[in-house]
2 protein chains.
Amino acid sequence: MTQQMRDSRAPSAKDPSVKDVAAAAGVSLGTVSNVLNRPSTVSAATRQRVERAMSELGFVRNESARQLRAGRSRALAYVMLDGGNPFFHDVAAGIEPAAEAAGLSLFVCNSDGRADREARHLDLLVQQRVQGILLTPVDPDAPHLAEISRRGIPLVMVGRSNRAGDRCSVTVDDVSGGRIAAEHLVDRGHRRIAFVGGPDSIGQVRDRLRGAREIWAEYGRLAEDLIHLPTEALTVGEGRAAGERLAGLPSRRRPTAAFCANDLLALGLLQHAVSVGLRVPDDLAIIGYDDIDFAAAAAVPLTSVRQPRRELGRTAARLVLDEAADPGHRHEEAAFAPVLVARASTGTIRSHAG
Amino acid sequence: MTQQMRDSRAPSAKDPSVKDVAAAAGVSLGTVSNVLNRPSTVSAATRQRVERAMSELGFVRNESARQLRAGRSRALAYVMLDGGNPFFHDVAAGIEPAAEAAGLSLFVCNSDGRADREARHLDLLVQQRVQGILLTPVDPDAPHLAEISRRGIPLVMVGRSNRAGDRCSVTVDDVSGGRIAAEHLVDRGHRRIAFVGGPDSIGQVRDRLRGAREIWAEYGRLAEDLIHLPTEALTVGEGRAAGERLAGLPSRRRPTAAFCANDLLALGLLQHAVSVGLRVPDDLAIIGYDDIDFAAAAAVPLTSVRQPRRELGRTAARLVLDEAADPGHRHEEAAFAPVLVARASTGTIRSHAG
DNA sequence: ATCCCGCCATGAAACGTTTCATTATCAAGT
DNA sequence: ACTTGATAATGAAACGTTTCATGGCGGGAT
């Protein structure tokens, strides 16, 4: 027996508009608008009559019309680099309340590391006339970004600034982060370490490696004792694969610690280590980057270099809103310092005999 | 020295419209529109002239105006229940390509388990006149959902159907999932197990527990040997806390295995177990639910009950698009079967002496 | 020569909102 | 009685797009 829907609305009925409300309440269209936007200018009696009509008709403002009239949408957008990495969702979670406080919606898009997808998303966002765009870019110097700025749309880079520095950005110093991580390993007595990460096209990866190398040199270690294990992506699977290669090294070349370019790699590496019976940190110390929630939640809690993810989002939102509101806006580069969060995965101090 | 921006656009210049393009190309406004929407009806020469004008002026369609004219937006929305749980992002990742294939954008919102936030998001989405809404609801029978349907907006429930069943839904049978998990533990020889999960207000949690109890009874086990450890949320932290309580039980009452209502709880429990030196699975077997990527990536890879996350999203998108397009649409309840993914965290067969 | 048809291009109308200059009403002050 | 001012309500215009009925034009068939 088929369920008979007694639907209170014919499927094709169209939404009531301000005009319908005005008619129902016996007032002019402008008055309805006043009730919506400047209720204090409307007498109490009329206001109530209009409000009653609204709820009876089930009136809902049409956002498209508002936007058309206003000339721009009431939305912000964040285009993230990797939807599979919780780090970016946490950045987004930092943006959201700021957007909400400003009465704006937030579009969240994922470029998935692909320039074409990024471009497509940006295209759509420009069509939407969003008030501002936050972006963790595939390539911070790509020409289509300049195009956005030229249109006058506020654009804030998150996690990477462009070469020219002619726009706002919110960054965490990755070279410094690399130094912190490497120094932590040096402090723990490690004399041969690996850097796990790639591809090189990602600026963050390059910088983190650079920082590590700096420290390594400053402590007088040999360059060849910092082994770069390149990966094709920053994923758990690649981390596992790197573990295989690590295990394949002849034992005198095998590092006692690994610095991974992000936490996903570190988790993959950790998993591989555990699966082949290596003890972490005793046989292999591991340090990640980003300090996503799952780093702390790992079975061997992961030492990591924390980026203030929510703060990053919050600040970026502040900058983009400022640029959208203030014609005299000066571009600003907000830089945060990464901090080491030491946990069990690098726990013990190694003896010199190590 | 301050950088002097020689900007090619005055900051207050407004976007060129079809009208401007028409003027620049020396054609009528309707012709420009034809170039955009029905290029075959325009002669090659005119078309090129118009296209040239467009790119010279930097014309970009105004989506608000299109939407206003069309009467509805070109977007779908997904309101997820918990942005901190990768499961929902994976569902979203399943929706996206389907939306894209239909030429629609996807709004992703997060209710964070709070009815008020859910209501607010839905409100905004109705104002946007989205073509359809996918929702993992806080409460599938909440009255404001009926309101959406009454408006004629396609609404598909993801992961939970409402009582009346008068709309489309995409579900995975949670009772069956609970049975599968519990049976797996029974198979492994466990005679005393815990169910970790809560709050009870979440239907999925209730169902999974119910399934576990069914199996437990069918195998003739005592109800008191299935201990319910309630949690206040489905998070890693709560999983850790549950671990504390588990450890606090007198040893003759202590379970040898735990079935967690989701993977986040399981990861937290796993972490606690490892931190107090319990071996997993030997001292404590753990099984999670959802099979998020981090379950497989855990140091002790987590046995879990898999829900086809992307498939869930894809199917939900298909249903909502069908409802939006087809006036004769019949509501459909797509149900998927959960499947057990056995990994190391429940690895060994227990001896009867256990 | 006339008619018809296909091909292009046209421009007015409509979508639903907000704004703003205008008008109506009425009470208070002279 | 007349002005002033405040308070309410009005309705036309504008935002940028798409649609659609209309019309011009040239060529082929009658």
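Chain letters run A, B, ... following the sequence lines, proteins first, then strands; residues in each count from 1. What you are looking at is a predicted structure, and each value in this text was computed from that prediction instead of being measured.
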As a check of understanding: the bend across the helix from C:dA1-D:dT30 to C:dT30-D:dA1, end axes from five pairs, rounded to 10 degrees, works out to 60°

Atom pair distance, as rounded to whole Å: CD in A:Q127 and C1' in D:dG16 | 13 Å

Output yes when a side-chain donor or acceptor of A:E118 lies under 3.5 Å from a complementary backbone atom of A:V138, and no otherwise.
-> yes

Residue A:N37, side-chain heavy atoms: nucleotide from D:dG16, C:dT18, D:dT17 that is nearest = C:dT18

Test salt bridge (Lys or Arg N to Asp or Glu O under 4.0 Å) applied to A:R38 - qualifying residues, sequence neighbours left out = none

Could you go through nucleotides 20-24 of chain C and list every protein N or O atom that sits under 3.5 Å from one of its N or O atoms, giving the distance for each pair?
none

Donor-acceptor pair, side chain of A:N37 and main chain of A:S33, under 3.5 angstrom | yes

Residue B:V27, side-chain atoms from C-beta onward, closest of C:dT10, C:dT18, C:dG16 | C:dT10

Roughly how many Å is it from CZ in B:R129 to P in C:dG16, rounded to a whole number?
-> 9 Å

Euclidean distance, atom CD of residue A:Q67 to atom P of C:dT17 [Å, nearest integer] | 13 Å

Between B:F107 and A:F107, is the gap from one ring center to the other below 6.0 Å?
-> yes

Report, one line per pair, each donor and acceptor closer than 3.5 Å where one atom sits in a side chain of residues 156-165 of chain B; sequence neighbours left out.
{"unit_1": "B:R160", "atom_1": "NH2", "unit_2": "B:D207", "atom_2": "OD2", "d": "2.4"}
{"unit_1": "B:N162", "atom_1": "OD1", "unit_2": "B:G165", "atom_2": "N", "d": "3.1"}
{"unit_1": "B:N162", "atom_1": "ND2", "unit_2": "B:D166", "atom_2": "OD1", "d": "3.0"}

Mind calculating the distance between CZ (B:F59) and C1' (D:dT17) to the nearest angstrom?
-> 8 Å

Which of D:dA8, D:dC15, C:dT17 is nearest the side chain of A:S43? It is D:dA8

A:H89 side chain to A:G83 main-chain N or O, any donor-acceptor pair under 3.5 Å?
-> yes

side-chain hydrogen bond (donor to acceptor under 3.5 Å, both in side chains) against A:S28, all qualifying residues, sequence neighbours excluded = A:T31

May I ask you to say what B:T31 touches in the nucleic acid, namely base, sugar-phosphate or nothing, with a heavy-atom cut-off under 4.0 Å?
-> base

Report the residue (B:A70 or B:S28) whose heavy-atom-nearest nucleotide on DNA chain C is the more 5′ of the two.
-> B:S28

Picking from D:dT17, D:dC15, C:dA9, the nucleotide nearest the side-chain atoms of B:V42 would be C:dA9

Mind calculating the distance between CG (A:D20) and C1' (C:dT17) to the nearest angstrom?
-> 13 Å

Just checking B:L36: base, sugar-phosphate only, or nothing, at a heavy-atom cut-off of under 4.0 Å?
-> sugar-phosphate

NA contact type, B:S33, heavy-atom cut-off 4.0 Å: base, sugar-phosphate, or nothing?
-> base

Taking the side chain from A:H121 and the backbone from A:N110, do they hold a donor-acceptor pair closer than 3.5 Å?
-> yes

Cationic N near anionic O, under 4.0 Å, B:R74 to B:E63 | yes

Would one find a side-chain N or O of A:R66 under 4.0 angstrom from OP1 or OP2 of C:dT18?
-> yes

For B:T41 and for A:A65, find the nucleotide of DNA chain C with the closest heavy atom, then tell me which residue's nucleotide is more 5'.
-> B:T41

Atom CG of B:L68 and atom C1' of C:dT18: how far apart are they, to the nearest Å?
-> 13 Å

d(CZ, B:R47; C1', C:dA9) in whole Å = 14 Å

Side chain of A:N62 - closest among C:dG16, D:dT17, C:dT10 = C:dG16

So what does B:S64 touch, heavy atoms closer than 4.0 Å: a base, only the sugar-phosphate, or nothing?
-> nothing

The nucleotide from D:dC15, C:dT18, C:dC15 with an atom nearest the side chain of A:V18 is C:dT18

For residues 81-90 of chain B, pull every pair meeting salt bridge (Lys or Arg N to Asp or Glu O under 4.0 Å), keeping only residues two or more places apart or in separate chains.
-> B:D90-B:R309

So, is A:T46 close to the D:dA8 phosphate, meaning a side-chain N or O under 4.0 Å from OP1 or OP2?
-> no

Whole-Å distance separating the CD atom of A:E63 from the C1' atom of D:dC15 | 14 Å

Do B:R114 and B:D112 meet the salt-bridge criterion of a basic N to acidic O distance under 4.0 Å?
-> no

